[in-house]
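None of the values given here were measured: they were computed from a predicted structure. So that the names make sense, note that chain A is the first sequence line, chain B the second, and so on, each numbered from 1.
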Amino acid sequence: MFNIKNIFIKLGQLDRRLIYLLVSLSVLIPLLNPNLLQLPTKTTKNTQIVFDSLNDLKENDKVLLSFEYGASTKPEIHPMSIAILNHLFSKGIKVYIVSLWPEGVMMAADAINEIVDSNLFKVEYGIDYINLGYKQGGPVVIRGIATNIGSVFTQDVHLTLLDEIPMMNNIKDVRDFDFVFDLSAGFPGNAEWVQYACDEYKIPLSSGCTSIMVTDAIPYVESGQLKGIIAGMPGAAEYENLVYDYLNNLEYNKFMNKNVDIKPGKATSRMSAQSITHLLMVLFIIFGNISYYLTRKKNN
Amino acid sequence: MILKRKLTKYVFLPTFIIGIYLYNPFDIFLIGNEMSFVFIILICFVIEYFIEKSKNGEEIYMRPIAAIKAMEEAVGRATEMGKPVLYIPGIASLDEIDTISGLIILGHVSSMTAEYESDLHVPVAVPIVMETAKETCKESYLKQGRPDLFREDMVHYITDDQFAYAAGVNGIMLREKPAAVFFQGKFYAESLILAETGNSIGAIQIAGTGSSSQIPFFVTACDYTLIGEEFYAASAYLSGSPEMLGSIKGQDYVKVFCIVMILVVFINSILFNFSLMNFNITDFFRINLIK
Amino acid sequence: MNFSIEMIGVWFAVLLTLSIFSYLYGDNPFYKSAEHIFVGVSAGYIFAITFWDTIWPNLFGRLFPSYVQAGFKFDIIYIIPLLLGIFMLLRLSKKYSWLSRISIAYIVGMAAGLKFYVFLNSNLIIQIKSSMLDFNTDIIGIINQIIILIGVISGLVYFFFSKEHKGTIGKISKVGIYFLMIKFGASFGFAVMGRVSLLIGRFEELIKYSSKEYSYSTPIILISMVIILTIWSVKETKNDKLKQINKR
Amino acid sequence: MKRQLAYFVVIFIGFLALAGHFINYPPLNNFIDNDATQWFDIISGFAAFLGVINLLQLHTNKLVYKRKNWEYSILTIVSFMLMIVFGFFYIGMEGIPRGAHLKVEGTAFYWMFDNIYLPLGSSMFALLAFFVASASYRAFKIRNFEATLLLISGVLLMIGRVPIGHIIPWWMSVEIYICIIFALTANKFSNRKNMISSFILCLVIIPLIIYFLNITHWNLFKIPEVQEWIFDVPATAGSRAIMIGIALGTIAQSFRIITGREKSILGD
């Protein structure tokens with residue numbers, strides 16, 4: 001009996017590096033052979049709200065898509081942006097892309113290229129989507145877009161003046177958009193969009209963000225300032241499945257090219273690694289507590 | 001007599017200003033955010049009232065906050081062990097109130113390090129914050145009568161990027177092994193990297209931030225944490241001046257007012273639903289400007 | 001091995017990724033060099049982005065619109081930020097460094113004014129407004145909203161500074177800290193989720209770069225780093241012992 | 001006199017920024033909405049120059065005086081200079097206007113960004129997964145009731161939010177709840193003997209009772225549903241309390257700044 005207790009105490013004081021090794025293995029093994037563990041993803045309430053509010057938009061509605069994430073948070077947010085762009089283009093919605101993070105422009109370019117290469121949709125730059133590029137200033141830019149977009153953006157990412165682009169002529173400020181969707185990973189993020197633009201001008205806003213920001217944004221979701229929220233990679237996997245099913249049982253409409261197969265998203269394949277690592281973390285907590293309890297028992 | 005003067009100053013004046021605002025002569029005020037205006041006037045006068053009350057000598061009770069008391073002890077420990085004190089004022093610029101609070105607390109901590117003659121090290125991530133931090137430290141060392149101890153390279157700029165800054169500060173922690181580490185300011189994802197490294201070198205860590213998503217990491221990885229509002233109150237606690245303490249008491253009464261408003265809105269919504277009251281108070285809670 | 005710029009880039013990316021991960025083993029030369037390169041590259045990157053995205057279009061774009069063609073019209077008032085910026089640079093001169101305080105004063109004053117208004121609106125008024133009870137949910141929904149109300153009020157009571165936390169206030173603030181702790185637990189759980197996703201993304205890239213197309217860059221670099229690190233740590237422990245011997 | 005001027009500027013600008021939202025004077029509203037905060041960026045842009053000088057000063061001193069680890073300072077200076085050259089002088093591709101070349105694939109600046117800056121940034125971020133593991137292993141201890149609440153909501157959220165959470169059957173979640181309750185009340189029992197016996201008793205009896213009452217389909221026994229409730233109700237209440245608290249703290253601090261009472265910032 002005595003050595004079992006010792007084993008548990010030892011289990012509670014593992015060296016830091018052993019923990020790091022266990023974590024890397026628990027991520028590496030499922031990634032090397034993905035079909036190790038096939039798990040169903042159930043859609044949570046908030047992801048469904050986002051899907052429904054975007055689904056209610058009609059053809060030629062105008063959506064402002066704001067990219068505020070970089071390469072370091074790409075694994076969580078990028079699958080969301082691709083799923084959202086697929087969803088919007090399949091409904092013939094005009095997409096206006098801005099980015100408030102320097103790396104956001106490249107993330108937007110990656111997402112657009114991936115969709116254009118899949119030639120699932122007949123979309124053209126300047127007609128169906130436009131990329132206004134990056135402007136530094138965070139809340140300054142959001143405030144500028146809210147009050148008068150000309151004060152902040154005068155050229156698109158290819159430096160052509162906005163007045164020459166037909167898509168932009170009846171856009172003066174945020175009230176000319178039907179929906180604002182913010183892909184955020186920090187500051188400026190969904191909180192700044194709520195505070196500086198959409199609250200005051202009553203524009204429907206929703207957001208997909210990294211998991212860490214979700215608990216901060218929840219009061220906004222609960223009070224309706226944010227129409228649902230896509231939370232981290234699990235949220236991205238859920239949204240991907242929603243869009244995948246939506247596209248599959250949607251008879252090909254005029255926005256989509258025929259005979260192009262729809263590929264499942266990236267986030268779903270990473271969920272097995274995510275699940276196993278979460279289990280490992282829970283085991284760490286349990287062992288840490290057992291040994292803490294036993295050592296405290298031994299001392300007093 | 002004093003009651004009459006106080007009454008006029010803190011009751012008639014605010015109601016008079018709100019009256020003019022609502023009457024809106026010559027249309028000089030914007031329409032649509034009346035609620036914000038009323039809140040601002042109310043908050044300002046409540047805080048002003050308590051500042052004045054505490055200025056003419058009324059004793060203010062302040063509940064003890066463990067993290068603030070631990071600051072002096074941490075600097076003392078660092079001096080005993082002859083190791084530096086590392087102060088990190090967050091990674092946001094001066095346009096964040098957290099950074100300003102962090103710099104004010106830096107003023108107090110640097111006066112402690114001047115008094116204890118311990119070595120202070122302040123790596124910053126934003127050039128403007130570097131300038132202001134240098135200014136604040138120089139003042140504290142001056143006030144403690146130890147301008148000779150102040151070295152220009154105590155406060156130095158590492159880089160603006162969030163994770164390059166975290167990597168740089170990690171390097172400083174591993175190589176200089178400070179005994180006391182302060183995290184006071186606006187933090188984002190890099191807070192856990194810094195707190196875990198600080199923990200691995202066995203330093204006393206005192207954190208304070210308004211970024212509520214990082215508080216769990218500081219709570220788990222640091223010895224003491226100032227949670228949200230405690231962080232903003234810390235600068236007033238440390239200064240101890242009657243004006244500052246008065247403003248904290250005023251802030252408390254504004255909190256009571258918010259709680260009352262929450263209850264009023266809650267009860268009103270119940271009565272309104274069962275049509276025992278005919279108007280819904282939340283219609284006033286509009287903040288969108290009709291331009 | 002096709003020797004193109006792009007291939008060098010991949011090898012650089014893998015080398016730097018692995019040297020950052022070598023920090024998990026402990027402070028070592030690989031991590032130190034990666035850290036110092038990162039500090040230098042990011043300082044230069046931010047400086048260039050700041051100049052080309054803020055000062056050049058927003059300031060010079062408005063003062064010399066014909067030369068810069070950033071689409072802004074001439075605006076004389078932008079002389080003031082130019083002056084405040086130069087005041088900032090005057091910090092380098094001992095005599096005029098006090099002028100920089102005016103620029104700092106502008107920023108601090110502006111931040112205080114704007115944040116006052118923005119936090120008051122979205123984080124205070126709207127949150128008070130959303131504590132109303134809406135009845136178009138089932139009984140459980142109403143109970144939940146009552147629990148939220150209790151949680152918010154007790155959470156706020158926890159933050160009372162000028163009252164002794166004894167008696168009823170003590171009990172309410174105890175309940176308040178429970179709600180705060182559940183929120184922190186939820187944030188921590190979400191953080192674990194988010195961080196693991198990013199690690200997965202990083203490992204996925206390393207696996208991608210270990211394929212033939214990238215000429216097995218990850219395994220080669222990984223093995224060579226492990227060898228160098230073991231040699232280095234053996235040498236390190238040896239001259240630590242030497243130091244101890246000649247210290248005694 | 002010099003300090004009074006700085007205070008006057010803080011008070012005047014602070015009051016102006018606040019009043020700009022209420023006074024119906026379009027040039028002022030326009031200034032507050034657009035220009036005021038753009039000026040902030042321009043000033044901090046100039047200050048970036050000071051930061052860079054300080055960085056170079058620090059590393060050249062380290063180099064010149066051969067302080068500890070001076071060899072690495074060479075790397076910092078070289079990589080910084082490289083970025084400045086690629087950022088301002090050498091573009092590496094024809095026909096790209098200077099200034100827009102920073103974000104165009106194929107330029108030297110973009111190569112440095114894509115192959116050096118990005119991998120370093122995302123690897124540092126990925127380090128967090130390891131630190132979260134060691135933090136949860138070391139810090140998540142059932143020290144007191146609050147720490148246990150933090151642990152329970154964290155664990156339930158971690159399990160409930162991932163696909164594995166959906167597979168956990170109802171009886172296993174009952175077992176988990178029993179373990180948590182006993183972890184909380186462990187120190188309340190007089191001696192260990194009957195604590196362990198009652199623990200095992202519960203583990204066996206309670207699932208049977210639930211089975212006979214056939215309430216096994218209740219949401220209470222589905223971890224993802226429980227996690228969603230924790231997330232929607234108590235966590236929201238906690239977040240809103242903190243948000244209002246922080247808003248009040250920010251407002252009080254801004255008030256102290258605008259009325260010129262925060263002295264130490266401007267070096268009084």
**Q** Considering only heavy atoms, which portion of L55(D) lies under 4.5 Å from any heavy atom of chain C: side chain, backbone, both, or neither?
**A**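 Looking at L55(D), just its side chain touches chain C.
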**Q** Give a yes or no on this: more than 12 heavy atoms of other residues, nucleotides or ligands lie within 6.0 Å of atom CD1 of I140(C).
**A**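 Not buried by this count: 12 neighbours or fewer within 6.0 Å.
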**Q** Using heavy-atom distances under 4.5 Å, tell me whether S122(D) contacts chain C through its side chain, its backbone, both, or neither.
**A**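 Contact with chain C is through both the backbone and side chain of S122(D).
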**Q** Could you tell me which portion of F255(D) (side chain, backbone, both or neither) has an atom closer than 4.5 angstrom to a non-hydrogen atom of chain C?
**A**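 Its backbone and side chain both get close to chain C.
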**Q** Measuring centre to centre across the rings, with the benzene-like ring taken for any Trp, is F51(C) within less than 6.0 Å of F49(D)?
**A**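 Ring centres of F49(D) and F51(C) not closer than 6.0 Å.
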**Q** Check the pair F116(C) / T250(D) against side-chain contact (heavy atoms from CB on, under 4.5 Å), numbers first and verdict last.
**A** CA-CA 7 Å; F116(C) 194 121; T250(D) 313; over 6 Å; no
**Q** Using a cut-off of under 4.5 Å on heavy-atom pairs, state which of S197(C), G176(C), S33(C), S100(C) scores highest against chain D.
**A**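 Of the options given, most contacts go to S33(C).
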**Q** Indicate, with yes or no, if the rings of F46(D) and F87(C) have centres closer together than 6.0 Å.
**A**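 That pair fails the under 6.0 Å test.
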**Q** Looking at residues at least two apart in the chain, or sitting in another chain, which of them share a side chain to side chain donor-acceptor pair (under 3.5 Å) with R195(C)?
**A**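 Once residues adjacent in sequence are excluded, R195(C) has no partner under the side chain to side chain donor-acceptor pair (under 3.5 Å) criterion.
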**Q** Quick one: are R202(C) and P119(D) in side-chain contact, heavy atoms under 4.5 Å?
**A**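 Result yes, sub-4.5 Å side-chain heavy-atom pair found.
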**Q** Regarding W11(C) and N115(D), do their side chains bring together a donor and an acceptor under 3.5 Å, going by distance alone?
**A**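 Their side chains do not contain a donor-acceptor pair, so the 3.5 Å distance test is not met.
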**Q** Which bit of I53(D) comes within less than 4.5 Å of chain C, counting heavy atoms only: side chain, backbone, both or neither?
**A**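 Only the side chain of I53(D) comes within 4.5 Å of chain C.
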**Q** Counting only heavy atoms closer than 4.5 Å, note whether T148(D) contacts chain C via side chain, backbone, both or neither.
**A**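 The answer is neither part of T148(D).
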**Q** If the plane angle is over 60° it's perpendicular, under 30° parallel, otherwise tilted; pick one for Y117(C) and H21(D).
**A**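 Ring orientation, 0 to 90° scale: parallel.
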**Q** Do the two ring centres, one from F190(C) and one from F231(D), sit under 6.0 Å apart?
**A**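 Judged by ring-centre distance (under 6.0 Å), F190(C) and F231(D) do meet the cut-off.
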**Q** Can you say whether the rings of Y45(C) and F109(D) are parallel (under 30°), tilted (30 to 60°) or perpendicular (over 60°)?
**A**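 It falls in the parallel class, under 30°.
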**Q** Parallel, tilted or perpendicular: which one describes the rings of Y106(C) and W39(D), with boundaries at 30° and 60°?
**A**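 Tilted: the ring planes of Y106(C) and W39(D) meet at 30° to 60°.
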**Q** Given heavy-atom pairs under 4.5 angstrom as the criterion, report whether the side chain, backbone, both or neither of F8(D) touches chain C.
**A**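 Neither part, no heavy atoms under 4.5 Å.
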**Q** So which part of M193(C) gets closer than 4.5 Å to some heavy atom of chain D, the side chain, the backbone, both or neither?
**A**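 Contact with chain D involves the side chain of M193(C) alone.
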**Q** Answer with side chain, backbone, both or neither: which region of L157(D) has an atom nearer than 4.5 Å to a non-hydrogen atom of chain C?
**A**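 The answer is the side chain of L157(D).
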**Q** Go through the atoms of D114(D) and report whether side chain, backbone, both or neither lie under 4.5 Å from a heavy atom of chain C.
**A**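 It is neither, since no heavy atom gets under 4.5 Å.
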